[in-house]
K.L.:
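The structure is given below, and queries will be raised subsequently.
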Amino acid sequence: MKHNEDAALNAARYQMKQEQEPMPADEYAQATGMASVTEPKTPLQIYAQDEAWEVANSVLDEAFARGDFDNLALAGQKIDHITNNDDPDWWLKSMMRREQLTGLGPPALTLRVEDEHMAEVLDQLPTSAAVRAHVEDFNARIKEARLQLLGGPPVITPLRDATTEVLAWQQRRASTPEPAPDASKKKRWWWRR
């Protein structure tokens, strides 16, 4: 009975060795000359690693005892990306806030934001043809977003009439007074006539 169990155990071990995929080469270990993760560490390597941890811990303990970590500049303040551990995309959102990135997200949301700021954007355009082209491009992007079935929130941004927007742009432009020339500027002798 014992012989059959050993044979079955040996057969299982042999089968497991055959099924295992070879471990990929540890390129970092090869480049740095450190021991590979796949190779067992020698007692000297284990001792050196433990010794390094002991030295680091003792240095930190001495620094804490001296008070080197007391009164740090940001002590007690919240760090925005660490306070909310529930959000898996905390790093992406903090980078977007830090770098002030806008215009990212599903088209339904970006089109809503663009719709809210349409008057300011149109007021910066120089001609009525540019206003009409911008509104037509905006409407085309709304239609394209409505046709895509990618999921996300529905596209509820209304289409804009290009002629109405051009007339509103002309009225806003006519109602804003032209800036008066600055009389305090000294005229140069070559400007006089």
K.L.:
Looking only at non-hydrogen atoms, find the nearest pair between Leu60 and Phe69 and report the distance.
P.N.:
CD2-CZ, 4.2 Å
K.L.:
Please walk me through it: do Met118 and His134 pass side chain to side chain contact (heavy atoms under 4.5 Å, CB included)?
P.N.:
CA-CA 10 Å; Met118 182 65 77; His134 185 77; 3.7 Å; yes
K.L.:
Got a salt bridge between Asp123 and Arg172, using NZ or NE/NH1/NH2 to carboxylate O under 4.0 Å?
P.N.:
yes
K.L.:
Rounded to the nearest 0.5 Å, what separates atom CD in Glu120 from atom CD in Gln124?
P.N.:
8.5 Å
K.L.:
Closest heavy-atom contact between Pro154 and Ala108?
P.N.:
O-CB, 3.5 Å
K.L.:
Where is the tightest heavy-atom contact between Pro158 and Asp115, given as atom of each residue plus distance?
P.N.:
CD-OD2, 4.2 Å
K.L.:
Work out which heavy atom in Thr157 is nearest to a heavy atom in Phe138; give both atom names and the distance.
P.N.:
CG2-CZ, 3.8 Å
K.L.:
Specify the closest pair of heavy atoms between Arg132 and Ala162, including all atoms of both residues, with the distance to one decimal.
P.N.:
NH1-CB, 3.7 Å
K.L.:
Please say which of Arg146, Arg141, Glu116 ends up in a side-chain contact (heavy atoms from CB on, under 4.5 Å) with Leu111.
P.N.:
Arg141
K.L.:
Any side-chain heavy atom of Val135 sitting closer than 4.5 Å to one from Leu122?
P.N.:
yes
K.L.:
Atom CG of residue position Asn71 - does it have more than 12 heavy atoms of other residues, nucleotides or ligands inside 6.0 Å?
P.N.:
no
K.L.:
Please confirm whether the backbone N or O of Asp6 pairs with a side-chain atom of Asn10, one donor and one acceptor, at under 3.5 Å?
P.N.:
yes
K.L.:
To the nearest 0.5 Å, how far apart are CD in Gln49 and CG in Leu44?
P.N.:
12.0 Å
K.L.:
Could you check whether any side-chain heavy atom of Ile156 comes within less than 4.5 Å of a side-chain heavy atom of Arg112, counting everything from C-beta outward?
P.N.:
yes
K.L.:
Supply the atom-to-atom distance Leu159 CG to Asn139 CG, rounded to the nearest 0.5 angstrom.
P.N.:
4.5 Å
K.L.:
Which residues pass the ring-ring contact (aromatic ring centres under 6.0 Å, His included) test with Tyr47, not counting sequence neighbours?
P.N.:
none
